[in-house]
Novice: 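For reference, the structure I am asking about is given below.
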Amino acid sequence: MNYPLISKSQNNITPNFPDYQKTYKEFSWEKGRKEIAYFDDGTVNIAHNALDKWKGSETEHKTAFIWEDDETSRSFTYGDLIAETNKFANMLSKLGIQKGDRVFMFLPRIPELYISFLGTLKVGAIAGNLFAAFGYEALEDRLADSEAKVLVTTHELEERVKKVKDQLPHLKHIILVDAEATEHGEISYSREMKAASDQFETAHMQESDPSYMLYTSGTTGKPKGVVHTHGDIVQEHITGKWILDMKANDIYWCTADPGWVTGVVYGIISPWSNGLTQLVHGGRFDPDRWYSLIEKHQVTVWYTAPTAIRMLMTNPELLKKHNLSSLRYVCSVGEPLNPEAIVWGQKYLNLPIHDNYWQTETGSIVIANYLSMDIKPGSMGKPFPGIHAGIIDDEGGELGPGKEGDLALKKGWPSMMKEIWKNPKKYESYFKGDWYITGDRAMKDEDGYFWFIGRADDVIKTSGERVGPFEVESALLKHPAVAEAGVIGKPDEVRGEIIKAFIKLKPGQEGSEALKEEIQKFIKEELAGHAYPREIEFRDTLPKTRSGKIMRRVLKMEELGQDVGDTSTMEEY
Ligand code: PRX
């Protein structure tokens, strides 16, 4: 079914970015830089832009942060956050943490996560976030590879770290945010914060100096550390202003967890760099609660994800209980936004949902639907000014409208990843000549709108979260009953994809429902709560190449009922 064009917003709010065509033609990143607070010596710091630059202005006294979980709430002015992050920076300095050291946060969505992240940037150390659902193996992989010196966590989450601590010789300090007294040499956050000064000289950083790193999954191998810089702020700030239309009087809610890049860039940095009030919900997804939060805090701009929207869509009755008229603008990211969801937004929220596209590696939004532009439901929109996006063939040649190919970006935008941590070969593999290859397949139409088609590789997107099949397969192989495993993303109406594992058991093992459940529990503990296979199928053999590699593509085609074609090159089938 073809969905009609949705005309650009007719409400009386003037978009921050009113004229796409004109600005796209005239824009340069140099112009973007004019929006950024540099130090007098030409250096910069993301945390200075998010917080310190507001010191002495009216914004210093305004609410920056409303935090609420299911039991309690807290709120902070910009001034409060400046003081808290200064204290944290002093705490790190006292521990001897310096520019370039890695400080990792393994925390749920609580205020201390936001404070320690920005406090780390103030020192010039590299901040890394670990999703609170991570299990032992996921933690060990990331903390060992990054050689993190400090880990900020909670008493409860520390239990998982203890199990792998012996494998982490670089980890010198564990800071516990919820413990006064500590048993094993950990540091008490509250005790140190009380003692620390609230004055700190934020580190002056070059644009090319690292700021934060996040581990993300590809199709092969363990997760890779994607490193970003302080120069990212140029794009982080201006995309928030122009795409998410952030205005100083907005109450803004980004539902993403800072364990993922959206939660870092548009859930910490960009909203505060744009001087608005942001809401963070510390609890789990719950439709009734989510609507209540919008209503209670009069949220105006809402940045969320397709899976959440699809879950909300299953219960239209609930909407009748709530008044969501404070919302003026809704955006979505992370996975394909189906046109039905956009239509739902129009019908029930009286607002179309604006889809946008980016990746951990791109560091900021690169393609978007803008408030000032008509929406073609199902399309990701058009490239942001300063971004040249193209559809290319295998040789790197740009394809014309209507042709499917690899979605690529001309390299050199400010928030492009700086490196893959300790893996220059992997970094290089992203590029073909001048092009950065996203790993996504897409098409561009006659009007310049981009349409997502699918991943070019085996990366899985489940509920908007990126999961590498290799990581799941290697965790599966640790289970004593599993001999071989192949993992794919299986299309799912609500979650986009779910993880499905095909497993060959060791001799003497019997496949049963009980064993499936045991394996699922095992993966949740080893790897992560979101990365376990919701479906498991036991097989006597798995399709393999002559060199013994399990062919996920064949498993996927079979799952989709497609013709597998010539199987003669396979060793086992
Ligand atoms: O496959 C694309 C999908 O998410 C991938 C990036 O995932 P991640 O690094 O976790 O970044 C999350 C930040 C958004 C992309 O390669 N993706 C992202 N946005 C969209 C999307 N797929 C379809 N439509 C989108 N709007």
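As the structure lists them, so they are numbered: ligands from 1, and atoms in each ligand from 1. All heavy atoms count here, side chains included; hydrogens, waters and symmetry mates do not.
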Novice: Counting from 1, what ligand 1 atoms have a heavy atom of Pro336 closer than 4.0 Å?
Specialist: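 The list of qualifying atoms is 22 (N), 23 (C), 24 (N).
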Novice: Numbering the atoms of ligand 1 from 1, which are under 4.0 Å from a heavy atom of Arg466?
Specialist: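 Answer, ordered by atom number: 6 (C), 7 (O), 8 (P), 9 (O), 10 (O).
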Novice: Show me which atoms of ligand 1 lie under 4.0 Å from any heavy atom of Asn356.
Specialist: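 In order of numbering, the contacting atoms are 19 (N), 25 (C), 26 (N).
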Novice: Can you tell which of Leu371, Asp245, Asn274 makes a side chain to side chain contact (heavy atoms under 4.5 Å, CB included) with Asn16?
Specialist: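 For Asn16, the side chain to side chain contact (heavy atoms under 4.5 Å, CB included) test succeeds with only one of Leu371, Asp245, Asn274, which is Asp245.
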Novice: Taking atom 11 (O) of ligand 1 as the point of reference, which of Asn369, Thr360, Val366, Val226 owns the nearest heavy atom?
Specialist: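 Residue with the shortest heavy-atom distance to the ligand atom: Thr360.
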Novice: State if Trp358 counts as touching ligand 1 under the rule of any non-hydrogen atom under 4.0 Å.
Specialist: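 It does; at least one heavy atom falls under 4.0 Å.
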Novice: Is Val459 touching ligand 1 with its side chain, its backbone, both, or neither, if touching means heavy atoms under 4.0 Å apart?
Specialist: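 No part of Val459 comes within reach of ligand 1.
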Novice: Measuring from Phe134:CZ to Glu526:CD, what's the distance to the nearest 0.5 Å?
Specialist: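 Here the interatomic distance stands at 13.5 Å.
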Novice: Kindly identify the option in Lys461, Gln359, Glu465 whose heavy atom sits closest to atom 10 (O) of ligand 1.
Specialist: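 Checking each option, the heavy atom nearest atom 10 (O) of ligand 1 is found in Lys461.
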Novice: Below 3.5 angstrom, do we get any N/O pair linking Thr216 and ligand 1?
Specialist: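 It does not: no N or O of Thr216 is found under 3.5 Å from an N or O of ligand 1.
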Novice: Given that the side chain starts at C-beta and the backbone is N, CA, C, O, which of these parts of Phe452 lies under 4.0 Å from ligand 1, counting heavy atoms, or is it both or neither?
Specialist: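 It is the side chain that gets close, since no backbone atom is under 4.0 Å.
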Novice: Are the aromatic rings of Tyr114 and Phe65 close, with centres under 6.0 Å apart?
Specialist: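 Yes, the ring of Tyr114 comes within the 6.0 Å limit of the ring of Phe65, centre to centre.
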Novice: Considering non-hydrogen atoms of the protein only, which is the closest contact for atom 16 (O) of ligand 1, and what is the distance?
Specialist: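 Its nearest protein heavy-atom neighbour is Asp440 OD2, 2.6 Å.
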Novice: In ligand 1, which numbered atoms sit nearer than 4.0 Å to a non-hydrogen atom of Thr262?
Specialist: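 Selected atoms, number and element: 13 (C), 14 (C).
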Novice: Below 3.5 Å, N or O to N or O, backbone or side chain included: is there any such pair between Gly334 and ligand 1?
Specialist: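 Yes, there is a polar N/O contact under 3.5 Å.
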Novice: Within a distance under 4.0 Å of any heavy atom of Arg455, pick out the atoms of ligand 1 and give their elements.
Specialist: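 Near Arg455, the atoms of ligand 1 are 1 (O), 16 (O).
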Novice: Quick check on the 6.0 Å ring-centre criterion: do Tyr370 and Trp242 meet it?
Specialist: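 No.
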Novice: For Val333, take its heavy atoms, then give the atoms of ligand 1 lying under 4.0 Å from any of them.
Specialist: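 The atoms of ligand 1 under 4.0 Å from a heavy atom of Val333 are 14 (C).
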Novice: Would you say the side-chain atoms of Tyr215 and Glu471 include a donor-acceptor pair closer than 3.5 Å?
Specialist: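 Looking only at side-chain atoms, Glu471 and Tyr215 do not form any donor-acceptor pair under 3.5 Å.
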Novice: Tell me, do Tyr266 and Ser364 make a side-chain contact under 4.5 Å, heavy atoms counted?
Specialist: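 A side-chain contact under 4.5 Å exists here.
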Novice: Distance to 0.1 Å, residue and atom name: give those for the protein heavy atom nearest to atom 25 (C) of ligand 1.
Specialist: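 Protein heavy atom with the smallest distance to atom 25 (C) of ligand 1: Glu335 O, 3.6 Å.
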Novice: What is the distance from atom CD1 of Ile387 to atom NZ of Lys382, rounded to the nearest 0.5 Å?
Specialist: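 Reported value, rounded in 0.5 Å steps: 15.5 Å.
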Novice: Decide if atom CG of Asn350 counts as having more than 12 heavy atoms of other residues, nucleotides or ligands within a radius under 6.0 Å.
Specialist: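 It does not: Asn350 CG has 12 such atoms or fewer within range.
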Novice: Of the non-hydrogen atoms in His530 and Thr462, which two are nearest, and what is the gap between them?
Specialist: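 So the minimum-distance heavy-atom pair works out to O-CG2, 4.1 Å.
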Novice: Heavy-atom count around Lys403 NZ within 6.0 Å, excluding the residue itself: above 12?
Specialist: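 Not buried by this count: 12 neighbours or fewer within 6.0 Å.
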Novice: Show me which atoms of ligand 1 lie under 4.0 Å from any heavy atom of Asp355.
Specialist: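 This gives 26 (N) as the contact atoms.
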